[in-house]
Every structure is written in C-alpha cells, then in structure tokens.
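First listed ligand is number 1; within each ligand, the first listed atom is number 1. Nothing fancy with the numbering, it's 1 onward along the sequence.
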Amino acid sequence: MNQSQELFDRAKKIIPGGVNSPVRAFRAVGGTPFFTKQAKGSRLITADDQELIDYVCTWGPAIHGHDHPVIREAVSEALAKGTSFGTPGPDEVEMAELLVEIVPSVEKIRMCNSGTEATMSSIRLARGFTGKSKIIKFAGCYHGHVDSLLVKAGSGALTLGNPDSAGIPESFAKETIVLPYNDLTAVENAFSQSEDGIAAIIVEPYPANCGLILPDDGYLEGLRKICDHNQAVLIFDEVMTGFRLSLGGVQEKTGVTPDMTAMGKIIGGGLPVGAFGGKAEIMDFLAPLGPVYQAGTLSGNPLAMAAGVASLQLLKESMPYDRLESLGNQLALGIQQIAKEYSIPLQVPQVGSMYCLFFNENPVRNFEDAISSHSEYFKKLFQHCLANGVYLPPSPYETCFISNAHIENDISKTLDLFNEAFKAF
Ligand code: KE4
C-alpha cells in the first residue's frame with residue numbers, strides 16, 4: 001500500500017472524511033487523495049515522492065510559488081522572536097499600511113484569521129452600520145462557511161452537491177436573498193420588493209467558486225449604482241481575486257470601488273489569515289470604537305504578518321501580472337485549440353493567472369450554466385493529468401491558478417497531457 005493510502009486510512013478513522021476541508025477528499029473526481037509532504041516552486045511532492053505541477057497553489061495563496069525563499073526567510077526571522085504575543089505588534093501596522101496603500105476601497109482595515117471570518121465580519125459590520133438585516137448574495141458564489149452565506153454556495157458545498165448546508169436555521173437563511181449573477185434586473189427587483197431594506201450586496205466580483213465566471217460589461221458598475229441609490233453597502237469578496245488579478249484586485253482592474261473588501265489567502269503568504277477593510281465611516285463602527293463586535297486571539301499573528309508583508313512586498317517589486325496573463329492566455333488558448341481538434345465541448349475562461357475548464361457547448365455566465373456542464377469529462381481529465389504529473393483542482397467547480405514560479409515548460413507539458421487525455425476521450 002502506498003503512503004497516501006495508508007495516511008488516508010488512518011485519517012479517516014479520526015477526521016471526518018479523512019480531510020480538514022471537504023474539497024480535498026476527491027469526492028468529485030474519485031480515487032484516494034494524495035498527501036503532500038513538501039512543496040517547492042510550481043511543484044508539490046507527494047508522500048509517495050510523485051512530483052506534480054500544481055495548478056491549485058493551495059487554493060490561491062501561493063502566487064509566488066511554494067516555499068519562496070524571501071517568504072521563508074521572513075517567517076524564520078519572525079519565528080526567532082516568538083510565535084504569538086496577544087498584543088499589537090509592528091508587523092500588523094506595516095500590513096495595515098500596505099493594504100490601505102494597495103487596495104482602492106480600503107481606508108481602514110482589521111486583520112482576522114481566514115476568508116470566512118473576513119466575510120462574516122463584513123456582513124455583520126454592514127448590518128450594524130445600516131441597521132438593516134437582509135443581505136444579497138449570488139448563486140454559486142462562495143464566501144466561506146458563514147451560516148447565512150451557505151445558501152446556494154459554491155466551492156466545496158457545490159462540489160459535494162449540497163450548496164445549501166444542513167444546520168442553517170431557516171431564520172438565518174431568510175435574511176439572505178440569493179440572485180443569479182450577471183442579472184442587474186433581478187437586483188433592482190430585489191431592492192424594490194424589499195420592505196425592510198437591504199443592508200448589503202456581497203459578491204465575488206469575478207466568481208471563482210463555481211468555476212470562473214466573468215462579469216458582463218457594465219455589471220459591476222451596475223451593482224455599484226444600485227447600492228448607491230439604495231444606501232446599501234457593496235462588499236467585494238476578493239479573498240481569491242485580491243492581489244492576484246492585479247495588485248489592487250478586481251476593483252483596481254475595473255475601477256469599480258466597493259464600500260468594503262474581504263481579503264485572505266495571498267496576504268498571509270500561505271499562513272492563516274483574513275482581513276476586511278473599507279470606508280473609515282463604516283470601519284469605525286467596529287469595537288472598540290463602535291457597537292459591532294469582532295475579535296480574534298491570533299488576529300495579526302506575527303508569523304502570518306511576516307509572511308504576508310513579504311508576499312505583498314514581493315508583488316510590489318516583481319509586478320508579475322503581465323507574465324501571469326501571458327502564461328494564462330497561452331495555456332487557455334492552447335487547451336481550447338486542442339479541444340476543438342477533438343470536437344470536445346470546452347469553454348476555458350481565463351483572466352490573468354486564473355482559468356477554469358467548463359465542458360460545455362456554450363459560454364458560462366452564471367451558476368445555472370455552470371452546473372449544466374459535463375462533469376464526467378472533467379473527472380477523466382483530472383485522473384489522466386494526476387497520473388502523469390499535473391494536479392488540477394479536484395472539482396469542476398473550482399478555479400485553476402498559475403504561480404509566478406510556473407515556467408513555459410510547465411505549460412507545454414500540461415498541453416501535451418491535455419492532448420493525450422482528449423485523444424482518449
Ligand atoms: P477561507 O475561510 O477558506 O480562508 O476563505 C473562504 C473564502 C472566502 N471567499 C472566497 C471567494 C473564497 O474562495 C474562499 C475560500 N476558497 C476555497 C477554494 N474555492 C478554499 C478551499 C477550501 O475550502 O478548502
């Protein structure tokens with residue numbers, strides 16, 4: 001028996017499903033999940049010494065590739081001073097100043113420990129600031145495992161076929177209005193029909209948890225206008241897109257500035273982190289200044305701050321976005337070309353270092369389109385790639401990531417594998 005199988009058998013006895021996050025269980029693609037013992041650059045090394053070109057990049061944080069020496073050095077320097085103080089620390093100030101400098105919507109910021117905490121706290125703050133309780137989210141968007149947002153959610157919830165999680169009281173879910181993405185009329189109608197008013201819209205500006213979906217022209221601008229007209233808070237969940245699609249995220253790329261932004265992943269350099277920020281008048285409603293409570297033992301943890309500050313400084317210095325766009329475009333166009341040669345219905349939306357694979361005859365504009373894709377094709381492709389050294393996300397409802405450690409040779413090897421796989425379809 002191989003190491004991963006042995007580890008998985010042990011894990012399943014004491015960890016539900018053998019994993020600490022459901023999507024890692026390979027339920028959507030079958031087989032036994034591999035265990036990783038090391039990661040370096042664009043590669044993962046499994047417990048059975050298989051080397052894999054990694055297009056998951058730990059679900060987004062590893063934009064510089066794994067084990068970048070600058071981040072490793074920053075963490076080891078911080079480690080020498082201790083692991084957690086429970087008091088304010090200098091790196092937290094540096095991180096806050098960087099985020100205010102980089103993210104257009106952020107006048108003030110609060111650190112937390114995950115993307116889930118960031119979105120959960122953002123909607124609580126929006127409710128406290130507006131005095132209203134309803135929230136609009138969009139089908140297929142995933143904002144972490146926040147009770148009131150696990151309604152028609154994407155990512156692992158969708159992968160496992162339960163976008164509406166058990167355990168969410170009806171009283172919570174009824175405060176959440178779920179609408180189709182890319183449909184401004186539906187948003188306008190929701191506001192006009194709401195008697196008590198709506199506190200906020202929370203949106204992944206480029207949804208990336210039901211595959212990757214791009215906004216219609218004017219859609220994000222439309223959400224901005226509707227929120228202004230209805231005094232609702234516009235929250236961009238840029239946990240995934242932040243610092244990845246441009247230094248300032250989608251809001252910098254499109255010029256649409258939300259009132260608040262939820263962040264995570266890249267700003268922790270691979271360590272546990274989350275952050276939420278926005279207009280000072282909203283953020284000042286947070287304790288200890290204001291009436292909205294939010295807290296965290298390890299918020300602003302010195303190791304996570306050291307890794308995150310190093311990751312952001314590296315981005316500012318290297319500005320890898322043109323290179324990532326070029327690699328992403330090369331891969332997406334190459335895959336589409338191969339699929340066409342074998343008459344395989346495949347859409348490959350790509351923006352910067354993010355792309356996904358919808359086995360679908362038509363372009364995908366929303367959740368309903370996404371779930372109409374042929375997921376059995378994805379499963380065959382995933383298994384072929386994994387057996388030959390390429391690791392795609394283990395779900396058709398995730399997005400693939402390219403890091404700045406990926407090189408042309410990785411792209412060409414990947415295209416060769418796709419060609420082999422599609423030939424065998
Ligand atoms: P975390 O709580 O997992 O740090 O962040 C939640 C979250 C919030 N918002 C967006 C847009 C996200 O994509 C996420 C988490 N992303 C998933 C991958 N699709 C994390 C992977 C997992 O759940 O294991």
Between Glu175 and Arg127, is there a salt bridge with N-O shorter than 4.0 Å? no

Return yes when atom CZ of Arg27 has more than 12 non-hydrogen atoms of other residues, nucleotides or ligands closer than 6.0 Å, and no otherwise. no

Short N/O distance, under 3.5 Å, between Asn209 and ligand 1? yes

Between Thr32 and Gln5, do the side chains contain an N or O donor and an N or O acceptor separated by less than 3.5 Å? yes

Check whether more than 12 heavy atoms from other residues, nucleotides or ligands sit under 6.0 Å from atom CZ of Phe85, and answer yes or no. yes

For atom 9 (N) of ligand 1, what is the closest protein heavy atom, and at what distance to 0.1 Å? Asp237 OD2, 2.7 Å

Within-cut-off N or O pair, Gly115 and ligand 1, under 3.5 Å: yes

One residue to check: His143. Relative to ligand 1, which of side chain, backbone, both or neither has a non-hydrogen atom less than 4.0 Å away? backbone

With a 6.0 Å cut-off on ring centres, are Tyr397 and Tyr142 close enough? no

By number and element, which atoms of ligand 1 are closer than 4.0 Å to a non-hydrogen atom of Ser114? 2 (O), 4 (O)

Set of residues satisfying side-chain hydrogen bond (donor to acceptor under 3.5 Å, both in side chains) with respect to Asp49, sequence neighbours excluded: Lys37

Within ligand 1, which atoms have a heavy atom of Glu204 less than 4.0 Å away? 11 (C)

Under 4.0 Å from any heavy atom of Ser21, which atoms of ligand 1 are there? 22 (C), 23 (O), 24 (O)

Taken to the nearest 0.5 Å, the spacing of Leu331 CG from Phe418 CZ works out to 6.5 Å

Which residue holds the protein heavy atom closest to atom 6 (C) of ligand 1, what is that atom called, and what is the gap in Å? Gly144 CA, 3.5 Å

Numbered atoms and elements of ligand 1 in range of Ser155, under 4.0 angstrom, heavy atoms: 17 (C), 18 (C), 19 (N)

Side chain of Thr159, backbone of Ser155: donor and acceptor closer than 3.5 Å? yes

Heavy-atom distance to atom 16 (N) of ligand 1: which of Glu398, Lys265, Glu238 wins? Lys265

Under 4.0 angstrom from atom 3 (O) of ligand 1, is there any protein heavy atom? no

Considering only protein heavy atoms, which is closest to atom 21 (C) of ligand 1, and at what distance to one decimal place? Trp59 CG, 3.7 Å

Any nitrogen or oxygen of Thr116, main chain or side chain, under 3.5 Å from a nitrogen or oxygen of ligand 1? yes

Using the ring pair (Phe, Tyr, Trp, His ring centres under 6.0 Å) definition, which of the options Phe359, Phe358, Phe422 pairs with Tyr377? Phe359

